[in-house]
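Every chain is numbered from 1, with letters handed out A, B, ... down the list of sequences. Because the structure is a prediction, the values reported are computed rather than measured.
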There are 2 protein chains.
Amino acid sequence: MKRILILGGGFGGVYAARTLEKLLKAELNRSEVELGLVSRDNYMVFQPMLPEVISGSIGIVDTITPIRRLCPRTNLYTRIIESIDLKRKRVVAAAGFGSQQLYLEYDHLVIALGNVTSFAGQPGLAEHALPFKYLGDALVLRNHAIHVLEEADIERDPEMRKSLLTFVVAGGGFSGVEAVAELNDFVRAAAKSFKNIMPEQIRVVLLHAGGVILPELPESLGRFAQDLLMKRGVEIRFDTRLQGATADAALLASGERIATRTLVSTVPSGPNPLVAALQCQKDRGRIVADAHLELPDYPGVWAVGDCAHIIDSRTGQASPPTAQHATREARCVAENIVASLRGTAKRRFAFKALGKMGALGHRSAVAEVFGVKLSGFVAWWLWRTIYLMKLPGLDRKIRVAVDWTLDLILPADIVQLRTDRSVGIRREHFEPGEVIFEEGGHGDWLYIVVDGEVEVLKRVPGASAMSLRRLGPGECFGEIALLGDHVRTATTRSVTAVNLLAVDREAFEALFSTLPPLRHFFERLIEERMALGERLTQADGTPSAAHRARAAARESASFR
Amino acid sequence: MKRILILGGGFGGVYAARTLEKLLKAELNRSEVELGLVSRDNYMVFQPMLPEVISGSIGIVDTITPIRRLCPRTNLYTRIIESIDLKRKRVVAAAGFGSQQLYLEYDHLVIALGNVTSFAGQPGLAEHALPFKYLGDALVLRNHAIHVLEEADIERDPEMRKSLLTFVVAGGGFSGVEAVAELNDFVRAAAKSFKNIMPEQIRVVLLHAGGVILPELPESLGRFAQDLLMKRGVEIRFDTRLQGATADAALLASGERIATRTLVSTVPSGPNPLVAALQCQKDRGRIVADAHLELPDYPGVWAVGDCAHIIDSRTGQASPPTAQHATREARCVAENIVASLRGTAKRRFAFKALGKMGALGHRSAVAEVFGVKLSGFVAWWLWRTIYLMKLPGLDRKIRVAVDWTLDLILPADIVQLRTDRSVGIRREHFEPGEVIFEEGGHGDWLYIVVDGEVEVLKRVPGASAMSLRRLGPGECFGEIALLGDHVRTATTRSVTAVNLLAVDREAFEALFSTLPPLRHFFERLIEERMALGERLTQADGTPSAAHRARAAARESASFR
């Protein structure tokens with residue numbers, strides 16, 4: 001029996017499985033071939049419709065199709081892949097409910113792992129920017145947008161309010177433009193349900209590194225798109241690069257900072273770590289495949305889609321990372337695997353893109369199809385028709401058609417579904433000179449310095465703040481407010497750029513009360529710091545917050 | 001200006017706000033009255049339709065309605081309430097994006113906080129049972145059900161497979177029966193898409209403490225319902241109580257254990273901690289309200305819904321905790337607040353329930369309406385009609401009607417939407433004599449003993465396992481596998497009932513590499529334990545897993 005294993009549940013992987021099921025029907029019936037597919041999720045995301053999840057015009061699950069339905073004769077392993085061993089022809093998948101990993105051996109391997117969001121080299125983005133690639137990202141963004149509207153509606157501080165109502169999207173390519181179009185439509189429609197938010201208070205900004213957006217299309221279509229977006233209230237910043245982020249700002253390369261609580265970054269994508277770890281020929285992180293899409297050094301191993309570097313045999317150009325190409329590559333790979341099994345001739349890959357389309361929301365789009373440029377309603381109609389046809393599965397087609405119909409008559413949905421539960425531990429980034437927390441504020445996090453330097457300041461009546469101490473890597477702060485009364489007893493500010501680990505109250509208490517060395521450490525630390533706090537109190541004569549915290553700490557009987 | 005503040009976004013709170021908006025239209029226009037409502041979520045869940053979210057026959061967000069749409073003239077504070085101070089007439093809400101809490105002062109306060117799921121007194125339930133009360137619970141249950149099917153489809157161990165395909169629901173009242181009916185329908189329909197799962201391998205069990213299910217209804221309807229469920233493959237265990245749970249079993253009061261990975265508990269509900277903390281008259285945890293639904297000791301403070309103990313002024317009976325009652329109580333409170341403001345007479349609360357209905361899935365239900373008993377299709381038709389009428393908001397009515405129509409023609413959806421991201425830290429419970437992890441297994445968690453005792457065992461070739469040591473509260477184990485190669489170097493087993501804190505690899509590494517005292521502690525601990533492992537190795541002459549782990553630990557340069 002020959003085992004064919006496919007890695008990845010995107011267009012490349014799923015279409016390879018579908019084609020193999022068709023071509024190997026007889027062999028599958030006789031159990032001469034086994035088909036397997038490993039995917040983190042049990043569904044395939046129909047990427048072109050993802051932006052519409054933001055606005056809720058397509059139901060959350062209607063843009064995705066269960067892989068089992070698309071390739072019913074393939075064994076689906078819904079697991080995370082841990083490693084690929086090309087030498088031993090074996091893939092290891094992570095453990096499920098039990099503690100046993102899964103070892104999958106193969107005769108033919110199709111690598112269709114795509115690429116991943118990567119914020120490397122842009123400080124603060126991993127911590128504070130929202131990526132936009134997976135279904136989960138679209139949901140998180142939607143909920144986040146509703147959350148900031150909720151907060152803006154009741155916020156009294158004008159500066160904070162302004163930053164809550166500012167939405168920044170970085171990247172003027174297809175995905176950035178589609179995301180900003182839907183986000184803009186959505187927040188402006190949703191804001192109508194918030195009694196204290198005026199439409200003119202909402203600011204939606206698109207950052208674009210070039211002079212015209214949508215560089216993938218002819219310039220005239222890019223200009224059409226940007227005029228349309230600007231008319232709808234999107235502020236486009238041309239020749240502008242995003243350099244970094246903090247919890248409350250987008251930092252531009254020019255040094256400017258835009259105060260915002262919502263920063264979406266669609267630009268960076270890097271190789272999947274599994275692909276990066278492979279010992280094979282690569283071109284800028286992508287796996288080099290030959291004209292038959294096979295790896296030169298590993299016969300029987302094939303690569304398709306965004307993770308592969310594939311030269312079109314007709315044009316001599318590298319294939320772009322699009323769904324159109326991935327599905328054609330997948331079919332070619334399937335045919336070539338069958339040819340290998342049967343000993344017939346393999347086919348060389350060649351495909352000419354049919355066209356490109358970008359949706360702009362509100363019944364408008366831009367498209368270039370077979371060299372013809374279209375824009376506005378016609379392009380939008382074409383967009384919907386083509387993608388509805390392409391959407392796999394009849395049930396999905398019906399659901400999306402119904403969603404689109406309802407969307408014409410029903411108001412925007414503003415229900416906030418929280419997908420993020422208590423995290424316990426998170427990372428944060430601060431640029432030099434930023435306040436991490438303010439004396440007298442309310443605190444629910446303990447911070448540990450990973451790198452950089454932090455300064456602890458204490459208010460002095462009638463004078464400027466006094467610097468108590470500086471903290472470096474491995475030192476922590478904020479622990480006092482995690483005891484009795486939640487009040488921050490000092491202000492902390494970053495001296496250099498700082499990376500922090502923040503531990504929330506629940507995680508802190510759980511660890512603290514169970515791990516004796518940790519408890520001893522914090523008991524000693526708190527004792528020292530409170531003694532310092534008390535000396536300060538005696539100096540200025542007023543009972544300090546530290547004093548109250550100390551009393552509270554004493555009451556909380558050995559911190560349990 | 002008079003400030004009316006409502007706490008809670010369920011039926012009680014939202015209907016109080018709606019009625020107040022109607023009655024106080026003129027005062028709201030003249031800004032003489034301010035209405036506020038504090039709710040954790042920005043939507044109201046229409047509880048009766050929640051079970052249908054499990055099977056996906058109603059879209060995820062269609063059972064819930066944005067509170068802003070229901071009461072557009074009320075200030076909605078989507079925040080968690082931290083405390084209620086009846087003396088100072090002030091409510092404190094948690095901080096949002098900033099670090100400032102929200103202080104809300106009131107002249108009239110409506111407490112409509114419902115009750116919460118409480119697993120107190122049943123060991124292991126908080127850690128391992130799935131509650132079924134909120135929308136999030138329904139989503140988690142749905143995803144979990146799909147996840148176990150995914151795993152069962154590829155599992156090779158027959159015992160594990162059986163436990164993955166066993167679904168247990170505890171509680172034979174309305175919510176338990178509706179949940180088991182939908183869960184049973186869903187897993188049996190979804191299983192058709194899994195090529196390695198046979199329908200007869202699926203086991204769905206309902207645990208019920210009495211002799212006939214649905215004790216809220218006449219016995220004949222309960223019997224009808226249980227016959228129907230059994231015909232559809234639900235195994236009902238009568239006179240059976242759930243006593244506790246572990247990660248892989250439901251523990252019955254009889255001492256029997258049912259191996260399962262899915263245990264749903266609908267029984268326990270306890271008072272909201274905010275209500276428990278209130279200094280006022282209570283009856284079994286519920287706030288005692290007078291005939292006008294006002295608190296005897298606090299004029300201007302009112303209580304409605306499940307958190308209130310309300311005596312019906314006509315029957316002299318306590319009002320049951322149902323939506324029917326909550327909405328009527330809410331209207332009565334609204335009228336009485338208006339009467340207080342205007343100095344007119346207040347009305348006494350009285351309401352006779354119209355009837356009770358329970359859905360059984362698959363076009364069947366049971367109902368008792370105005371004393372008439374109905375079952376089967378007629379009751380189901382009535383159920384859908386009444387609840388569709390009751391569902392607030394025209395857009396929701398349309399969406400649900402469309403969902404129901406599509407559900408008749410389209411197959412069950414098996415897309416698994418993960419709502420639970422990396423948790424970092426979780427709690428686990430084990431009964432005496434259970435294996436926590438097995439030597440040679442794959443490990444991604446470090447465990448800290450909270451209470452109880454754990455034994456560490458080492459395999460000895462040709463003999464029974466040797467007990468290396470016992471660990472008690474504050475001690476930890478499993479740390480070696482979190483270093484280099486993921487392999488458990490020993491087996492651990494609970495000696496007594498044990499509660500553990502489990503820390504995952506990512507959280508461990510983050511804390512470990514940043515907190516020096518923690519690092520020193522673990523470095524010492526690992527050194528000691530590995531030395532012991534090596535002595536054992538020398539005794540039996542084979543290179544042990546501990547040896548390999550030690551080598552790996554040395555390579556990983558001071559654990560960074």
K.L.:
Does any heavy atom of chain B fall under 4.5 Å from the side chain of N196(A), the backbone, both, or neither of them?
P.N.:
side chain
K.L.:
Can you tell which part of V503(A) gets under 4.5 Å to a heavy atom of chain B, answering side chain, backbone, both or neither?
P.N.:
side chain
K.L.:
Against chain B, label L76(A) side chain, backbone, both or neither, depending on which of its atoms sit under 4.5 Å from a heavy atom there.
P.N.:
both
K.L.:
Kindly compute the distance separating OG (S193(A)) from CG (N42(B)), expressed to the nearest 0.5 Å.
P.N.:
10.0 Å
K.L.:
Please state whether the side chain, the backbone, both or neither of S163(A) comes within less than 4.5 Å of a heavy atom of chain B.
P.N.:
neither
K.L.:
How far does CZ of R69(B) sit from NZ of K192(A), to the nearest 0.5 angstrom?
P.N.:
10.0 Å
K.L.:
Could I get the full list of salt bridge (charged side-chain N to carboxylate O under 4.0 Å, His left out) partners for E428(A), not counting sequence neighbours?
P.N.:
R426(A)
K.L.:
Do E150(A) and R79(B) sit within salt-bridge range, that is, some charged N less than 4.0 Å from a carboxylate O?
P.N.:
no
K.L.:
To the nearest 0.5 Å, what is the distance between CG on L102(B) and CD1 on I154(A)?
P.N.:
5.5 Å
K.L.:
Can you measure from CD1 (I146(A)) to OH (Y43(B)) and round to the nearest 0.5 angstrom?
P.N.:
10.5 Å
K.L.:
The criterion is salt bridge (charged side-chain N to carboxylate O under 4.0 Å, His left out); which residues satisfy it with E34(A), sequence neighbours excluded?
P.N.:
none
K.L.:
How long is the span from the OG1 atom in T78(A) to the CG atom in D153(B), to the nearest 0.5 Å?
P.N.:
8.0 Å
K.L.:
Is it the side chain or the backbone of R73(A) that comes within 4.5 Å of chain B heavy atoms, both, or neither?
P.N.:
backbone
K.L.:
For the interface with chain A, which of E155(B), R427(B), E82(B), E475(B) has the highest count of heavy-atom pairs at distances below 4.5 Å?
P.N.:
E82(B)
K.L.:
Check whether P72(A) gets within reach of chain B through its side chain, its backbone, both or neither, counting any heavy atom under 4.5 Å.
P.N.:
backbone
K.L.:
In this structure, are over 12 heavy atoms from other groups packed under 6.0 Å from K162(B) atom NZ?
P.N.:
no
